[in-house]
Amino acid sequence: MSDSKTERPDSASAPRGAAAGESRQDSGPANFVRERIASDLAAGLNDGRVATRFPPEPNGYLHIGHAKSICLNFGMADEFAGTCNLRFDDTNPEAEDTEYVDAIREDVRWLGFDWQEREFFASDYFERLYQFAIELIKAGKAYVCSLPADKVREYRGNFYQPGKDSPDRGRSIEENLELFARMRAGEFADGQYTLRAKIDMQSANLNLRDPPIYRIKRVDHHRTGNAWPIYPMYDFAHGLSDALEGITHSICTLEFEDHRPLYDWFLDNLEVPARPQQIEFARLNLTYTVMSKRKLAQLVRERLVDGWNDPRMPTLCGMRRRGYTPEAIRAFVERIGVAKRDGVVDVSLLEHAVREDLNARCPRLMGVLRPLKLTIENFPAGRSEMIEAPLFPDEPERGNRTLRLTRTVYVERDDFREEAPRKWFRLAPGKEVRLRYACLVTCTDVVRDADGNVVELLCRWDPESLGGKSPDGRKVKGTLHWVSADHAIDAEIRLYDRLFNVENPAAEGHDFHEFINPDALEVITDAKLEPRLGEMSPGEHVQFERLGYFCADQPHEGMTVFNRTIGLRDSWAKLEKKLKADS
RNA sequence: UGGGGCGUCGACAAGCGGUAAGUCACGGGUUUUUGGUACCCGCAUUCGCAGGUUCGAAUCCUGCCGCCCCAGCCA
């Protein structure tokens, strides 16, 4: 436990921000949660302690939306020298499973956060929560209700109609105690009884109309097995778990805003060891994807993707396989900020964050996705020129690898056009281009197959240009990536794109299925890569020059596999589009 | 016909009565053996609308309008 009563975030980070006086760059943009915590601290609340928690329900995998919550909760704890617990909110055994518990742990750790020994489960508190319920009954503030689900709904009323009291509302404390004990003992069938908080059936807030707090569910729990035939509801369990853990700031999403009076009611009416407060912020929405667990689970179940970790998924494990880095995700989350207005963040912000991170860390190598043979006619057949090329062109001191220039190489099919459009400075009949680090070649002829398709380019090189230099200073604007036909390795490349082709696939009045992008995955099985790429291990990041950032995956049928994380910005594509539009 | 929130550039988002930060996107340019990167420039006379208070309002008041959430024995 760190004792940091007087430690302010500013002073804590001051030594790092040497530049401008009071700047607090490293804590991210200002936000109301940080402000609240700071003012609570200033007011001397909670003995200067800050304790948060990240409370996932283990019924699905974590996604980028959770990352926002994780970064916020762990971030606030870090910043204020506090703690952040990992708590599994496992009060509904029907949907939950240890598979998810394990995956969640892995993802949080991967994102870069450490909850140390503070891993908890709401199910750890079942006995204590049960005692809290008894305390409520004894105070005349909870009762066992025999109304079936549909009747409860009916008695609850609606937005415009007040509710009606349950016929069991006046049940004696003794009888409530006995019935509740029998519920716990497993004497009743599912749904036969519920324990309800006795609050106010007239309340304008439906959550306060005697909400059920315990239901009978004779279902095995992934951790407590068959020890409990009754399980507490979220509203009851969550705030009390917070109190038991000494949480000071219970940060959750906007839809719980009108649960807050209920959250407070339990804390006010029970003898609790701490008094946490709930603070709500807007959950993350991203364009061109869906974020609800239900829809993600549906994509998996219906085999529209290859599982929770399919690189097209916005899940953390999917993004990891896609090649996203924790640093990129954290930078992204920092930039989008934290506020209460719900909106949709443009994916381009996320894409920018990955490019930025990958640009700084990736070695540059060459791979050809759609190979087109290029033969240098005036290059001797048996000759193999060794070329030292930098792995990090902007930082040559970080090392080289050797390239082999041979008479026949592969270039990208997209880099050749029989008819060069305006401003095209790649290959075309008669055009001279540079093969990166190798030499200048001029296309002299093309070879076609029986159907007239170009299957090979015939070129002549300028021997003086070895290394790619322009011997006489002549301008050669185009530089292409290439690999030696004699030395290249074969590889499978998976090209990923947005899972949906509209900004908001979850739009009302539509089924998201109609927006699934059929081209979100393209598999190329005949890519040619420079040999060094065959030595990378799964998870390694690399830039294929001029193409994008790729991440090595598990070999497939003995072949090297790379997943494309994100393409490079393509200003030619933009230019061409404009050119076409203009004409 | 109820309750709870929220409305600042195309998208996020600062702003907390003293005269609209930043990021992404977009447009233009410089450098470049990645049409990448980096760098430079431009991009809200206006803060949902209408009144009011004030020397002064995105910030305070009033009234409208719009959007989101709530009627699980889910979380």
Side-chain angles (χ1 to χ4, degrees), chain A residues 29-31 35 55-57 59 89-92 94-95 145 147-149 152-154 156-163 190-196 203-209 211-217 230-231 233-235 237-238 252-261 280 282 284 287 293 332 334-353 355-356 359-360 364 366 389 393-394 423-426 434-438 440 465 467-470 476-481 503 543-548 567-576:
Chain A
N31 73 57
E35 232 162 68
E57 183 189 11
N59 68 343
D89 218 338
D90 56 351
T91 56
N92 181 8
E94 252 148 9
C145 178
L147 252 23
V152 170
R153 196 174 311 124
E154 188 184 316
R156 185 160 37 222
N158 57 43
F159 298 155
Y160 318 112
Q161 225 106 25
D190 285 15
Q192 195 174 342
Y193 287 106
T194 54
L195 180 69
R196 294 228 254 162
S203 175
N205 182 341
L206 267 41
N207 294 124
L208 264 22
R209 318 242 264 228
I213 57 180
Y214 264 92
R215 73 290 215 187
I216 299 171
K217 238 187 231 286
I230 57 172
Y231 294 96
M233 299 284 292
Y234 167 85
D235 287 305
H238 200 91
C252 65
T253 44
L254 252 28
E255 68 270 26
F256 291 102
E257 213 148 15
D258 34 78
H259 288 242
R260 192 177 348 125
E280 312 85 11
L284 169 67
T287 53
K293 246 191 244 181
F332 164 72
E334 180 129 313
R335 268 171 219 183
I336 58 174
V338 179
K340 292 195 73 149
R341 62 185 105 106
D342 45 4
V344 188
V345 175
D346 203 313
V347 253
S348 66
L349 217 64
L350 212 211
E351 294 174 343
H352 175 263
R355 285 199 187 97
E356 184 177 56
N359 173 54
R364 268 62 168 174
M366 294 195 286
D394 297 330
K423 300 202 173 167
W424 172 263
F425 31 84
R426 278 118 101 149
R434 172 184 298 106
L435 295 184
R436 176 150 241 226
Y437 302 127
L440 301 179
S465 70
K469 292 176 287 287
S470 173
V476 178
K477 294 268 299 184
T479 298
L480 309 187
H481 58 280
E503 284 200 8
Q543 183 195 107
F544 285 8
E545 292 217 51
R546 302 211 309 134
L547 296 176
L568 256 26
R569 285 183 61 204
D570 187 351
S571 58
W572 162 249
K574 256 181 227 168
L575 212 205
E576 185 173 35

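If you're wondering where the values come from, they're calculated on a predicted model, not measured in any experiment. Chain letters run A, B, ... following the sequence lines, proteins first, then strands; residues in each count from 1.
Closest to the side chain of A/Ala204, out of B/A14, B/G2, B/C24, is B/G2. Here the nucleotide nearest the side chain of A/Leu568, chosen from B/A14, B/G36, B/A75, is B/G36. Side-chain atoms of A/Pro393 lie closest to B/U34 of the nucleotides B/U34, B/A75, B/G3. Relative to the side chain of A/Phe159, the nucleotides B/A75, B/G36, B/C70 differ in distance, and B/C70 lies closest. Side-chain proximity of A/Arg215 to the nucleotides B/U34, B/C70, B/C73 is greatest for B/C73.
With sequence neighbours left out, A/Arg355 forms a side-chain hydrogen bond (donor to acceptor under 3.5 Å, both in side chains) with no residue at all. Listed by chain and residue number, A/Thr287, A/Ser348 satisfy the side-chain contact (heavy atoms from CB on, under 4.5 Å) test with A/Asp346 (two or more places apart in sequence, or in another chain). By the salt bridge (Lys or Arg N to Asp or Glu O under 4.0 Å) test, A/Lys423 pairs with no residue at all, sequence neighbours left out. Under the side-chain contact (heavy atoms from CB on, under 4.5 Å) criterion, A/Asp394 pairs with no residue at all, not counting sequence neighbours. A search for side-chain hydrogen bond (donor to acceptor under 3.5 Å, both in side chains) contacts involving A/Asp89 returns A/His238, not counting sequence neighbours. For the salt bridge (Lys or Arg N to Asp or Glu O under 4.0 Å) test, no residue two or more places apart in sequence or in another chain qualifies with A/Arg364. Residues passing the side-chain contact (heavy atoms from CB on, under 4.5 Å) test with A/Lys217 are A/Asn92, A/Pro93, A/Glu94, A/Arg215, A/Val219, A/Tyr231, sequence neighbours excluded.
Rounded to whole angstrom, the span from the CD atom of A/Glu280 across to the P atom of B/G4 amounts to 13 Å. If you take CZ of A/Arg426 and C1' of B/G36, they are 12 Å apart, rounded to a whole angstrom. As a whole-Å value, the separation of A/Glu94 CD from B/G72 C1' is 12 Å. Distance CD1 (A/Ile230) to C1' (B/C74): 18 Å, rounded to an integer number of Å. The separation between A/Tyr160 atom OH and B/G3 atom C1' is 10 Å, rounded to whole Å.
For the pair A/Arg434 (side chain) and A/Lys469 (backbone), a donor-acceptor distance under 3.5 Å is absent. For A/Arg436 (side chain) and A/Ala389 (main-chain N/O), no donor-acceptor pair under 3.5 Å exists by modelled atom type. Between the side chain of A/Ser203 and the backbone N or O of A/Asn205 there is at least one donor-acceptor pair closer than 3.5 Å.
Residue A/Phe256 is classed as a base contact, given a heavy-atom separation below 4.0 Å to a base. Using a 4.0 Å heavy-atom criterion, one finds that A/Phe425 contacts the bases of the nucleic acid, with or without backbone contacts as well. The residue A/His481 sits apart from the nucleic acid: no heavy atom pair falls under 4.0 Å. Among the heavy atoms of the strands lying under 4.0 Å from A/Ala339 are primed sugar atoms or P, OP1, OP2 only; no base atom is included. A/Lys423 comes within contact range of at least one nucleobase, with a heavy-atom separation under 4.0 Å. Within 4.0 Å of A/Arg355, counting heavy atoms only, lies no atom of the nucleic acid at all. At a threshold of 4.0 angstrom between heavy atoms, the contacts of A/Leu435 with the nucleic acid are absent. The residue A/Lys469 sits close to a base: some heavy atom pair falls under 4.0 Å. Within the 4.0 angstrom heavy-atom criterion, base atoms lie near A/Glu545.
Side-chain N/O atoms of A/Arg436 include one lying less than 4.0 angstrom from OP1 or OP2 on B/U34. For A/Thr91, a side-chain nitrogen or oxygen approaches OP1 or OP2 of B/A75 to under 4.0 Å. Between A/Arg156 and the phosphate of B/C73, there is a side-chain N or O to OP1/OP2 separation shorter than 4.0 Å. A close approach under 4.0 Å does occur between a side-chain nitrogen or oxygen of A/Lys217 and OP1 or OP2 of B/C74. Between A/Arg335 and B/C24 there is no side-chain N or O to OP1 or OP2 distance below 4.0 Å. Distances shorter than 4.0 Å separate none of the side-chain N or O atoms of A/Arg153 from OP1 or OP2 on B/C73.
With a 3.5 Å ceiling on both atom-pair distances, B/G72 lacks any Watson-Crick or G-U wobble partner. Across every strand in view, B/U54 sits unpaired, with no contact that passes the Watson-Crick or G-U test at under 3.5 angstrom. Pair assignment for B/G10: B/C24, on the basis of Watson-Crick or G-U wobble contacts that are both within less than 3.5 Å. Figure legend. B/G17 is base-paired to no nucleotide; pairs are counted as Watson-Crick or G-U wobble with both atom distances under 3.5 Å. Using N1 to N3 plus N6-O4 or O6-N4 for Watson-Crick, or N1-O2 and O6-N3 for G-U wobble, each under 3.5 Å, B/C49 pairs with B/G63.
With C1' as the reference atom, B/A57 and B/C47 are 11 Å apart, rounded to whole Å. For the P atom pair drawn from B/C68 and B/U30, the interatomic distance equals 46 Å after rounding to whole Å. Taking the P atoms as reference points, B/C60 lies 12 Å from B/G18, given to the whole Å. Separation of the P atoms belonging to B/C67 and B/G72 is 24 Å when rounded to the nearest angstrom. Only the C1' atoms considered, B/G66 is 27 Å distant from B/U23, to the nearest whole Å.
Base orientation at B/G72 is syn, since its O4'-C1' glycosidic dihedral falls within 90° of 0.
At a cut-off of 3.5 angstrom, the base of B/G36 holds at least one donor-acceptor pair with the side chain of A/Asp394. You'll find a donor-acceptor pair under 3.5 Å spanning the side chain of A/Gln543 and the base of B/U34, going by distance alone. One cannot find a donor-acceptor pair under 3.5 Å joining the base of B/C70 and the side-chain atoms of A/Glu255. For A/Asp258 against B/G3, a side-chain N or O and a base N or O form a donor-acceptor pair under 3.5 Å.
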Check: protein-nucleotides 6-10 of chain B nitrogen or oxygen pairs below 3.5 Å:
| residue | atom | partner | partner atom | Å |
| --- | --- | --- | --- | --- |
| B/U8 | O4 | A/Arg341 | NH2 | 3.0 |

Nucleotide N/O of nucleotides 39-44 of chain B paired with protein N/O under 3.5 Å:
none

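Here CG of A/Leu284 is found 4.5 Å from CD1 of A/Ile336. Values are rounded to the nearest 0.5 Å.
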